[in-house]
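Working notes, beginning with the structure itself.
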Amino acid sequence: MKCPYCGSEKVEPVKSWEMPKMGYKVTHYRCKNCGGLFNHYAGKGKEFVLRVGAFLKYRRASTTFLRATA
């Protein structure tokens, strides 16, 4: 599994759940390299990844900037 934000293979599963009506198993991942969050969907002969939430690298940078200017 590769991070859709930075391409790193250093990702860790956070949690997983089933969507029986839709026929998918979902695994929520966090990238150890950039902190990006994403979901991996598998089932019905298909696999795909959806990005979830804000990209943490930019959130950290803006928080650091705000602290420095305050």
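Bear in mind that the values here come from a model prediction, so they are computed numbers and not experimental data.
Across all their heavy atoms, Cys34 and Tyr5 have their closest contact at SG-CB, 4.0 Å. Here the closest heavy-atom approach between residue Cys3 and residue Cys6 is recorded as SG-N, 3.5 Å.
Legend: side chain to side chain donor-acceptor pair (under 3.5 Å) pairs involving residues 37-47, not counting sequence neighbours, sorted by first then second residue: His28-Asn39, His40-Glu47.
Annotation: the span from Met1 atom CE to Cys31 atom SG amounts to 12.0 Å, rounded to 0.5 Å.
Taking the side chain as every heavy atom from C-beta outward, Lys2 and Phe38 never approach each other to under 4.5 Å.
Here the two rings, on Phe48 and Tyr24, have centers that are under 6.0 Å apart.
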Which donor-acceptor pairs under 3.5 Å do side chains of residues 11-21 form with protein atoms, sequence neighbours excluded?
none

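Judged by distance alone, with hydrogens and angles left aside, the side-chain atoms of Arg51 form a donor-acceptor pair with the main-chain N or O of Pro4 at under 3.5 Å.
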